[in-house]
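What you see is a predicted model, and the numbers here were worked out from it, not measured in a lab.
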Amino acid sequence: MRAFVGSIPCDIVDENLELYDTLTREKVTCRSKAKLVGPMNATVYVTGRGASEVTKTGMYVDSQDRLYQFHTYAGMRNVSPLRGSSQGGTLFTIDGAGFDPYKEQTKVLVGGAQCAIQDITDEQIRCLTPTQGKASAGSGEHRLLVELYQGEYFESNFLEETSWAALSPSHAGYKAFVPQDAELKFPIEVTRDTVGTLKGYLHPPHDGTYSLSVQVGERMLVMLAANGDSDSEVCFAVRGNMQGSMSVQYLVRDKEGNEEEETVLLERSFPANRWTHHCEDLMEAMVSSERSIYKTGDTLLVKSVSLPKPAGVTDDVYVDEVAFLTTPTSVTQMYPPALKQKGILIEDVAVKKVTENGYSLEFQTTNCKTGMPLLGLLQVEGPPASFDTQVTVTRSSQTATGPLAGTWDLGIQGQVVKDIPAGVDPKVLEGILESALGTDLTVQYCCKNYHYYIEWEEDPGRKELVEIHTDNLMFDGTLKTKIIRDSAGVLWHSPLETDFVTTHRDSPHVTVQVNGYFGACFGACAFTYDDATTPMLTGVSGTVVEPSWHSACSRLARHCSPPPSSTWCPVTVVALSITEGSTGGQYPLTVTGTGFPDSDGWEAGSAIMTLGGKKCVVISGGPTKVTCTVPAGVSIKCVCVYLPSCIYLVMLYGKRVMLVLSHLRIF
């Protein structure tokens with residue numbers, strides 16, 4: 001037997017040829033050698049049987065819409081130092097794994113602002129911090145931040161912001177952590193009444209409408225709305241001659257992660273042909289069902305709610321005012337509008353003044369019902385008139401346009417369905433399209449404006465907009481067509497993959513992003529901007545080669561970003577190996593003097609050189625001499641030698657050395 005993750009072998013045995021875990025018919029455990037960050041698939045080859053097959057239930061979709069079975073992310077073990085100048089330019093090191101040096105595939109952020117990477121390997125990054133003004137609190141590392149307040153409980157005012165605003169990390173029972181589980185399903189251990197929050201940012205692959213749900217505890221159903229409120233009840237208004245039942249479709253997941261869908265049928269009594277309001281406790285409906293498969297500790301998610309259906313094929317059922325609510329709600333039955341009692345649903349009313357004291361009212365219905373009664377005046381309010389007031393209500397006679405006739409063509413999924421009759425029955429159109437596309441569809445119809453709604457029952461996903469060709473339609477009025485995409489399909493993530501979210505942080509944090517995926521943090525990753533460590537340039541002294549350029553000293557010094565230091569840097573610069581050179585760079589520059597770090601310091605990278613803000617790669621270095629390769633594009637620049645505690649400058653103007661500094665004091 002052999003196992004692979006991606007195209008890289010995955011070891012089933014360790015260096016002692018011992019299995020990493022017990023081998024069964026259902027499971028094999030291996031250690032991956034792959035260093036790629038991102039989605040991968042797994043394959044197992046069994047002698048005499050061949051390669052493994054991937055089932056749909058074994059595939060996942062990540063935050064970049066890529067399918068995978070196994071996903072890897074970069075990780076940060078250590079960040080040092082964790083404090084630096086508010087003006088930026090602090091050189092810090094990140095130790096970890098999964099960093100990608102190839103073509104800027106790795107990004108480092110401090111408080112959301114980009115950090116200038118100086119060098120990078122698979123396991124280490126060195127970069128210069130941005131200024132404090134660019135960094136901010138906000139998104140942190142991959143996964144969610146869990147905050148618990150043990151000893152607190154406020155059920156009655158759970159949704160009031162004032163209840164949560166009173167809680168802070170100084171609370172005696174405060175506990176915060178970022179779960180490192182492979183999926184967003186993790187234990188929360190508490191020994192007393194506790195409230196808590198999940199804080200993070202969602203990083204979806206597309207713009208659109210997203211719904212989130214969270215299940216906590218052994219018997220709690222939470223459906224999160226966009227504003228963060230939780231919903232566990234559905235309330236609705238309904239009228240018509242309907243069946244005495246409704247249903248709720250659930251997804252039940254046990255403690256081992258096995259999932260099963262169940263539809264619970266709820267027998268309910270609804271009065272015929274009059275409006276009534278009804279509220280249903282979604283959690284209680286599942287738990288109390290005689291056929292329920294729900295067990296204590298299972299995760300319970302609501303997928304759909306089906307309201308009562310018509311009792312017969314000729315009956316109509318009208319549904320209005322559907323709402324998902326957080327807490328049980330009592331509904332007071334108000335006297336419904338007269339037209340609604342007759343099954344006439346008004347969408348719009350247009351009022352026009354036709355005479356000095358006369359008005360015209362035009363009603364537009366949503367369900368094409370006729371038989372609207374003549375309006376009457378019930379009461380006249382206002383000052384008494386000096387003459388008899390007479391109010392007359394009449395029904396205007398209006399000539400309707402002729403019916404739509406002829407045929408139309410529909411372009412759909414790369415095909416053109418021709419000669420569809422005007423006003424075609426939705427069931428007939430459904431059969432025509434299913435025959436043409438070879439897939440199941442649902443076609444619904446609205447009598448107003450010949451509105452057809454097409455939904456794919458199979459082959460889900462985003463579809464291209466259809467095209468309508470109306471050259472063969474006949475109508476004696478103005479013919480307009482409109483096509484809209486109501487939704488682009490629904491993808492159910494259960495549970496949500498961890499790369500969709502990052503933690504919320506109240507202070508700037510260091511984050512790493514490799515191949516577009518945020519990395520994890522396994523140590524301290526908060527970065528503090530500290531004015532106490534910010535260097536202050538108070539003066540510059542040196543030997544002037546050409547006095548006319550002495551005034552340029554303080555102006556050009558800003559090209560060197562000072563490190564966090566407050567010490568003297570005694571340096572004697574004896575000479576430069578060249579005083580002229582091509583702006584194309586790529587030739588050696590040697591600075592000779594005293595006070596430089598020893599060779600170990602240069603080799604370890606604790607001291608670096610820059611030329612005009614560009615790194616001058618050190619070839620060799622010692623306490624009296626350092627040589628680096630000049631980068632391209634040097635004009636008005638300065639040479640900067642950085643140490644952990646001080647900085648040395650050599651000013652350049654154009655291609656000629658104009659000013660040499662012997663020492664620089666910074667605080």
Side-chain angles (χ1 to χ4, degrees), residues 56 61 65 67 204-211 249 303-307 309-310 312-320 322 343-348 362-370 398-492:
K56 289 191 296 183
V61 182
D65 269 350
L67 290 170
H206 310 289
D207 292 339
T209 302
Y210 294 85
S211 298
Q249 186 182 25
K303 296 193 69 174
S304 65
V305 177
S306 297
L307 302 184
K309 297 180 179 180
V313 293
T314 60
D315 292 320
D316 291 325
V317 173
Y318 304 100
V319 178
D320 195 9
V322 178
I344 301 174
L345 304 179
I346 302 299
E347 179 179 295
D348 192 22
E362 180 179 324
F363 296 86
Q364 186 175 8
T365 65
T366 61
N367 57 346
C368 302
K369 282 288 186 178
T370 58
Q398 183 177 10
T399 304
T401 57
L404 189 66
T407 61
W408 53 286
D409 301 339
L410 179 66
I412 181 171
Q413 294 297 100
Q415 302 186 43
V416 178
V417 181
K418 293 183 173 293
D419 301 328
I420 302 173
V424 61
D425 183 270
K427 288 297 181 184
V428 175
L429 179 59
E430 187 175 295
I432 293 173
L433 297 181
E434 287 182 346
S435 177
L437 299 178
T439 186
D440 290 340
L441 299 170
T442 296
V443 179
Q444 299 178 9
Y445 175 70
C446 175
C447 59
K448 187 187 74 172
N449 297 334
Y450 297 94
H451 176 197
Y452 293 93
Y453 178 83
I454 303 175
E455 180 179 359
W456 272 255
E457 297 291 341
E458 296 180 336
D459 187 25
R462 184 182 177 90
K463 307 298 181 184
E464 296 299 323
L465 287 176
V466 301
E467 297 178 354
I468 299 177
H469 307 284
T470 60
D471 295 342
N472 296 325
L473 282 176
M474 294 173 287
F475 185 59
D476 57 4
T478 302
L479 182 62
K480 298 180 180 179
T481 61
K482 183 179 180 181
I483 305 168
I484 61 173
R485 179 183 285 109
D486 182 70
S487 62
V490 175
L491 183 61
W492 182 265

Between [X] (side chain) and [Y] (backbone), is there a donor-acceptor pair under 3.5 Å?
| X | Y | result |
| --- | --- | --- |
| Trp408 | Asp419 | no |
| Tyr452 | Leu429 | no |
| Gln415 | Ala436 | yes |

**Message:** side chain to side chain contact (heavy atoms under 4.5 Å, CB included) for Ile454 and Leu433? Distances and angles first, verdict last.
**Reply:** CA-CA 10 Å; Ile454 303 175; Leu433 297 181; 3.8 Å; yes

**Message:** For the CD atom of Glu434 and the CH2 atom of Trp456, what is their distance to the nearest 0.5 Å?
**Reply:** 11.5 Å

**Prompt:** Just how far is it from atom NZ of Lys463 to atom CZ of Arg485, taken to the nearest 0.5 Å?
**Reply:** 11.0 Å

**Asked** How close do Ala405 and Ala422 get, heavy atom to heavy atom, and via which atoms?
**Response** C-CB, 3.8 Å

**Request:** Identify the two heavy atoms, one from Gln413 and one from Leu437, that lie closest to each other, and give their separation to 0.1 Å.
**Result:**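 Heavy-atom minimum between the residues: CB-CD2, 3.8 Å.
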
So do [Y] and [X] actually touch side chain to side chain, heavy atoms under 4.5 Å?
| X | Y | answer |
| --- | --- | --- |
| Leu473 | Thr407 | no |
| Leu410 | Ile420 | yes |
| Leu404 | Leu479 | yes |
| Glu467 | Leu465 | no |

**Prompt:** Who passes side-chain hydrogen bond (donor to acceptor under 3.5 Å, both in side chains) against Asn472, sequence neighbours left out?
**Reply:** none

**Request:** Not counting sequence neighbours, which residues clear side-chain hydrogen bond (donor to acceptor under 3.5 Å, both in side chains) with Gln249? List them please.
**Result:** Glu261, Ser304

